[in-house]
Amino acid sequence: MMRGCSRSKSTQNLDRTVCMTNCPTLIVTVGLPARGKTYISKKLTRYLNWIGVPTREFNVGQYRRECLKIYKSFEFFRPDNEEGLKIRQQCASAALNDVRQYLADGGQVAVFDATNTTRERRETITVFAEQNGFKVFFVESVCEDPEVIAENIVQVKLGSPDYTNCNTEEAMEDFKKRIKCYENSYETLDEVLDRHLSYIKIMDVGRRYLVNQVQDHIQSRIVYYLMNIHITPRSIYLCRHGESDLNVKGCIGGDSGLSPRGKEFAKYLRQFIQSQEISDLKVWTSQMKRTIQTAEAVSVPYEQWKALNEIDAGVCEEMMYEEIQQHYPLEFAMRDQDKYRYRYPKGESYEDLVQRLEPVIMELERQENVLVICHQAVMRCLLAYFLDKTAEELPYLKCPLHTVLKLTPVAYGCKVESIYLNVDAVNTHRERPEVGIHTYIHTYIHTYIHTYIHTCMHTLI
Amino acid sequence: MEYIMRRRCDSAASVPQLTNSPTLIVMVGLPARGKTYISKKLSRYLNWIGVPTKVFNLGQYRREAVQSYKNFEFFRPDNEEAMQIRRACATNALKDVVIYFSKDHGQVAVFDATNTTRERRISIVSFSKEKGYKVFFVESICDDPDIIAQNITEVKVSSPDYVNCDKDEAQADFLKRIECYKQSYVPLDDEKDRHLSYIKIFNVGSRYLVNRVQDHIQSRIVYYLMNIHVTPRSIFLSRHGESELNLLGRIGGDSGLSPRGHKYATALGGFIKGQHIKDLKVWTSHMKRTIQTAEHLGIPYEQWKALNEIDAGVCEELTYEDIQENHPEEFALRDQDKYRYRYPNGESYEDLVHRLEPVIMELERQENVLVVCHQAVMRCLLAYLLDKTSDELPYLKCPLHTVLKLTPVAYGCRVEHICLNIEAVNTHRERPGNVDVTRDPEEALKTIPEHF
């Protein structure tokens, strides 16, 4: 139902957003090697995709590796290496070409992840964007802290394909020389010379930001996001409430309390949390009885978020799947067609949930150690954000009762540990069924015709 | 019992529990740089999202101390007597801040003064440290003479200080006042002040420098400050045209427009055309009645689920008489605290505000916008724009078939009510005299509006 909004490309922007998207946006990273550009690119891409803005990153290093096949040493990056420069130029062009293709093909934001350390290179990109009608937003990362840089190198460079055949010291040495190759020609974004550009300059891993000429909504959201993320080591624990009385009955939704097994789980959860010896753990619940009761048993102060409430199943609240099949068969089939976008009558869709959960994600980014006690659909949405799952995968992610997922950011992603706390519970996971709507209609028509003919024959007789 | 429990650890407000220390926001900047504008706007926003905030404007304290302002000489740096008075005023203001935090349950205080010397800022920082308050500086830097002149015209010339002067005298004196501060002005320094938390706003928002954001509320403040602008524009608020359910006195639901409702929509289209608004954006909810209204305008519109009417849960599509008959206790509880009361399986006004926060943020970013929405939603938006308290909010009058045109001016908003002269039912229910759960049905139903 997006009538009246002819500008919006996809039907994605249903609930919330203004058509953020007149022209596509090209985000351009800027900075010396090992300043977190790829980390930022990937994280930002993950976030934007999760909130429904089709985004893709284009890492020039990847293009170089494909072109060059074998990386020998830092010498490739020497400013006087004519051949090296040519190849690197070609790679950048190839990447920009793919950017153009992507943004013409339904992409909304492209993240061009490269050093882009000279004004000349940035000028080329700006011209390219202008010619194609893209808005440009620069994200520069500036950092002089040798410890942070060394840590970066250890976490993501040593394991890079470039250094598969080197030992740690060799790799470290070579990479440092690589950085040196860029240092002389590095022209940071300048307050005066670049005052007409739109950019954010991130200094010292987020201690300080300089934000210039934010043009529109999406850039404003990007700035807000970048200003809330951090790299302090921490873990996020996700789990559902303990088994509830309605779970036991096989009913969805509602606001019931914990079953005896659910209460047992809450006790085990408390033990588990204590054993983890987490410093300054924050505990969040929804405003529904079953998560609150679970948190109460953990005996730690907790905060209630309405935004963490389970998906509203509207007319299907508190029904069993069999009942839904019986009373709303068409709705049931439609949901299976597109479980992400399907909205229960008078209820919500997963897409609505994501929208609702965005402030929770933003605050999770700001925080350090957090335990989120929530619900199946909610947990699927949060998990999809952390593990970069698509809208198709999201509604089928496995989030069983009585299992804690411990997520620890590492390198460019997240390490997941699944800890089952050994208290039995019902299984509430429903896989995507093989029967689609076509089969439903086929069966329906078949049954209808059969019944009709049968009735006719009886009447005749 | 249930309802009360729900409230206890409630984080319905848009911010997670701010159990920690109160925050002192300290403005920094020469006169006529928008400090008071920012202070008032920020305070309005924070109060609306549920963070108790108050502005402490040093100029007010000075006016109370000095009674009648003569001229800029008061502000000369070599005026010892005046300096003493001004220092005393600052001390008094900070004393009031302490009372606000400790006794009045304030969460954020905005200290609106020039605070242009390092010395003054250092003393504020030690004061805060001693009391356990977090400090966040907001510095406004502007060297565009046109903007400054505009500022002076909009808010200084009409200040109590210049009540007996003509425009040009006032302007000239004020410019000399600014000069008095310029010599001793030391802006926040990248190096020397690197341990402070602050945002520096350059030239009304073309550039920002943000240093050491400490926590959630500071992050929200930064985000807000980075989204507001001062470009002249108008915000038009209107409800959908009268709906079928309106006619029957039923709340909620998702019905279409009545014949009169359609008439209104056409009239609205005519009105909008007549206003000759440049680049008007039109927003609706996802509900039929707002969409049908917008369709008559012949302008592209965007649908926001966040603009949907308040969810009345079990009371959806009931008349007030039905509610009194089937849920008399809930009905009374709602009258007791209409802002926080949440319909069973539904929402409260407080929830609505939370839901509407991204709409407000985008409204701030935009310029000319027409929002076609619903009664409760419009009350929330209006309360934000006109700085109404949570007690007043649920009783703001937002009748059908009336457009509100809001134009920011000076420190507030000018409101024009334009009734488009198409008849409609009244949907406004005043708070009845008796809100006790034991009241008689007649007392509960005393104030319900008429319906078919």
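So you know, we letter chains A, B, ... as the sequences are listed, proteins then strands, and number each from 1. Reckoned from all heavy atoms, side chains included, excluding hydrogens, waters and symmetry mates.
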- prompt: What residue in A:Met362, A:Gln213, A:Lys282 has the most heavy-atom pairs under 4.5 Å with chain B?
  reply: A:Gln213
- request: Quick one: which of A:Val211, A:Asn228, A:Ile292 has the most heavy-atom pairs under 4.5 Å with chain B, could you say?
  value: A:Val211
Separation between [atom1] of [X] and [atom2] of [Y], rounded to the nearest 0.5 Å:
{"X": "B:Leu209", "Y": "A:Lys201", "atom1": "CG", "atom2": "NZ", "answer": "10.0 Å"}
{"X": "A:Asn309", "Y": "B:Asp351", "atom1": "CG", "atom2": "CG", "answer": "9.0 Å"}
{"X": "B:Tyr208", "Y": "A:Ile200", "atom1": "OH", "atom2": "CD1", "answer": "12.0 Å"}
{"X": "B:Asn211", "Y": "A:Leu210", "atom1": "CG", "atom2": "CG", "answer": "11.0 Å"}

- request: Sort out for me which of B:Asp311, B:Ile199, B:Val213, B:Asp215 touches chain A most, counting heavy-atom pairs under 4.5 Å.
  value: B:Asp215
message: Only pairs of heavy atoms separated by less than 4.5 Å count here; which of B:Ser285, B:Ser206, B:Ala294 has the most with chain A?
response: B:Ser206
[X] versus chain A, heavy atoms under 4.5 Å apart: side chain, backbone, both or neither?
{"X": "B:Val222", "result": "side chain"}
{"X": "B:Gln214", "result": "backbone"}
{"X": "B:Arg365", "result": "side chain"}
{"X": "B:Asn227", "result": "side chain"}
{"X": "B:Tyr198", "result": "side chain"}

Do [X] and [Y] touch side chain to side chain, with heavy atoms closer than 4.5 Å?
{"X": "A:Glu191", "Y": "B:Arg207", "answer": "yes"}
{"X": "A:Glu348", "Y": "B:Lys305", "answer": "yes"}
{"X": "A:Glu363", "Y": "B:His216", "answer": "yes"}
{"X": "A:Arg221", "Y": "B:Tyr223", "answer": "yes"}
{"X": "B:Asp190", "Y": "A:Arg208", "answer": "yes"}

- prompt: Should the heavy atoms of other residues, nucleotides or ligands under 6.0 Å from CG of A:Asp280 be counted, would the total exceed 12?
  reply: no
task: Could you tell me whether B:Asp254 and A:Lys346 make a salt bridge, using a distance below 4.0 angstrom between a side-chain N and a carboxylate O?
output: no
